Amino acid sequence: MSRDSARGSWASGLGFVLAAAGSAVGLGNVWRFPYITGENGGGLFVLIYLGAIALVGLPVMIGEILIGRAAQRSTVSAFKVLAGPTTRWRGLGWLGVVAAYSILSFYGVVAGWTLHYTLLSAGGTLAGKDAAEIQLLFQSLDQDGALSLLWFVLFMAATVAVVLGGVRRGIERWSVLLMPALLLMMLGLLWHAARLEAFPRAFDFVFGFDADKLTPAGVLEALGHAFFTLSVGMGGMLTYGSYLSRRESVVGNALAVGALDTLIALIACLIIFPITFSFGMEPAAGPGLIFASLPIAFAQMPAGRLLATTFFSLLLFAALTSAISLLEVAAAFFIDEKGWSRRKATIVSGLGITLLGVPAALTGSTRLFGADFARLVGKEWFAWIADLASNWMLPVGGFLMAVFAAWILPERMRHQEFVTGTRLGRLYRGWLLLLRYFVPLAVVAVFLHSIGLI
């Protein structure tokens, strides 16, 4: 099999949009965005987030997709093609591969929890449980390293199976199934949430303009999440862009992906906050909102078993579509750089990421190995690898991606890739100004905030 046939291409622009949206839409939309919105008082935080999507996230996404489409290669190979075989920009490609490995190694653990909760919900285990019993279920999962490891391995096996199918028959086919299913589940849950008495209060919380709880740190968090939620800075959009036909519009497809990603994040808030308010829960409950708080509400609601199963299935689908893109970054590197078959590249990458994620899966491994092992290898490893990837690799990757697209890529090539297949060519100058000046400053601010310097 030749390298190009192993790489593949999208069958349609819609396939790319759904796959790229799947990459962007993940646990960050349905899990993280609602709780950071709650912590920052909703309203004005959401407005700032929307502005940051338009002024920071989308310009970088367009630039990253544009680089991939121009090179028709992924990560390391793309920079070799565009800047020369000995260019130091290869390091940015390597950073993307390492980030993909690192992020999926801990992201897959949390995704495994969604699989666990989906099965608990479908089996009726959550039904009739009081708050103490629901909390105990989550604690038992957190403390059972063997169980977390099992779910993580099963989730990684499913991710590998999809990527083995290739771009069209694997990633695109499953994205075309999973993304519409995800949207249908969200609309069904939104319909139910809209019937709750607390829905008007939740709507006002999300779209009102109460600035009482918003702090400068909250502004930077909105900016940072807008950047990270679009899955930029780690080579995923570059890799997906490398499979995009030259007849397609980079700008139009990027705007569609950004709009879909943002819509899902907002719908998630309108699903979660009516339930939160209806049962007297705190919207600023933090990361435990999804796994520890919402199941309590589902257990008390009519048709709670169906609602809980639908909700956690939604989380699982969102996690899977993101995991697919992360694994594809790693597999595409081996296909392009080493000339490996897709099968070999996918299996080797999947095994490597799974082995890297074992310590994170053993976060609560006290029962198996004792408290000292759990403390030293489990929780500290999980926190360290998550911090390294999210607070260091992605901001640095995003900053350098913006610099390369705006300053290093030849003007003629950059302009041609931007205007091809679109009626939005008039946006080129504005996009370039944002990418050259505003985006780098914003990303540096996010980076300094994420490491605690501002």
Side-chain angles (χ1 to χ4, degrees), residues 4 7-21 23-24 50-75 77-84 87 89 92-93 96 167 172 226-227 230-233 235-262 325 397-440 442-443:
D4 287 341
R7 297 191 82 251
S9 61
W10 305 112
S12 66
L14 177 62
F16 167 79
V17 168
L18 292 177
S23 174
L50 295 176
I53 285 282
L55 298 177
V56 179
L58 278 173
V60 179
M61 176 186 278
I62 291 170
E64 189 168 332
I65 295 172
L66 188 149
I67 291 169
R69 212 265 296 272
Q72 296 288 291
R73 290 289 180 268
S74 60
T75 55
S77 298
F79 295 103
K80 285 183 179 181
V81 169
L82 298 176
T87 178
W89 285 99
L92 176 54
V167 176
E172 184 170 1
F227 177 74
L230 293 178
S231 195
V232 294
M237 289 299 167
L238 188 157
T239 301
Y240 276 12
S242 73
Y243 305 134
L244 188 63
S245 165
R246 296 197 183 279
R247 297 189 301 271
E248 296 289 338
S249 165
V250 168
V251 181
N253 283 322
L255 291 176
V257 171
L260 191 54
D261 177 79
T262 304
S325 70
F399 175 85
L400 293 176
M401 202 74 73
V403 170
F404 186 87
W407 294 99
I408 307 301
L409 203 63
E411 167 63 21
R412 182 176 179 181
M413 179 184 293
R414 181 175 53 236
H415 182 266
Q416 183 64 34
E417 291 293 337
F418 188 95
V419 301
T420 296
T422 185
R423 298 178 180 178
L424 302 173
R426 61 185 180 279
L427 299 178
Y428 176 74
R429 289 299 171 192
W431 166 76
L432 190 56
L433 285 173
L434 284 174
L435 203 62
R436 281 185 168 176
Y437 304 108
F438 181 73
V439 168
V443 175

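The structure presented is a predicted model; accordingly, all values stated were derived computationally and were not measured.
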Which atom of P59 lies closest to which atom of L55, heavy atoms considered: CG-O, 3.4 Å
For S325 against S23, the heavy-atom pair lying closest together: OG-OG, 2.9 Å
d(F404 CZ, L82 CG) to nearest 0.5 Å is 5.0 Å
Which distance, rounded to the nearest 0.5 Å, do you find between the CG of L92 and the CG of L400? 5.5 Å
What distance do H415 atom NE2 and L66 atom CG have between them, rounded to the nearest 0.5 Å? 11.0 Å
Short question: side chain of R436, backbone of W407 - any donor-acceptor pair under 3.5 Å? no
Is any side-chain heavy atom of L58 closer than 4.5 Å to a side-chain heavy atom of W431? no
Atom CD1 of I62 and atom CG of L424: how far apart are they, to the nearest 0.5 Å? 9.0 Å
Is any side-chain heavy atom of E417 closer than 4.5 Å to one of L409? no
Would you give the length of the straight line joining atom CZ of F79 to atom CD1 of I67, rounded to the nearest 0.5 angstrom? 5.0 Å
Side-chain heavy atoms of V257 within contact of M61, under 4.5 Å: yes
For V439 against A402, the heavy-atom pair lying closest together: CG1-CB, 4.0 Å
Nearest 0.5 angstrom please: L18 CG to S12 OG, how far? 8.0 Å
For E64 and G233, indicate whether the former's side chain and the latter's backbone hold a donor-acceptor pair under 3.5 Å. yes
Can you find a heavy atom in the side chain of V250 that is under 4.5 Å from one in the side chain of T420? no
Side chain proximity check, I65 to L244, heavy atoms < 4.5 angstrom: yes
Minimum heavy-atom distance A52-A226, with the two atoms named: CB-CB, 3.5 Å
Hey, are the side chains of Y243 and T239 touching, using non-hydrogen atoms and a 4.5 Å cut-off? yes
Is there side-chain contact between L432 and E411, with heavy atoms separated by less than 4.5 Å? yes
Can you tell me if E172 uses its side chain to pair, donor with acceptor, with the backbone of F16 under 3.5 Å? no
Give a yes or no on whether the backbone of R69 and the side-chain of Q72 come within a donor-acceptor separation of less than 3.5 Å. yes
So which heavy atom on V419 is nearest to which on G425, and how close? CG1-CA, 3.9 Å
Is there a donor-acceptor pair under 3.5 Å between the side chain of W10 and the backbone N or O of Y240? yes
Are side-chain heavy atoms of V60 and L230 found at a separation under 4.5 Å? no
Taking all heavy atoms of L238 and all of A78, pick out the closest pair and write down the distance. CD2-CB, 3.9 Å
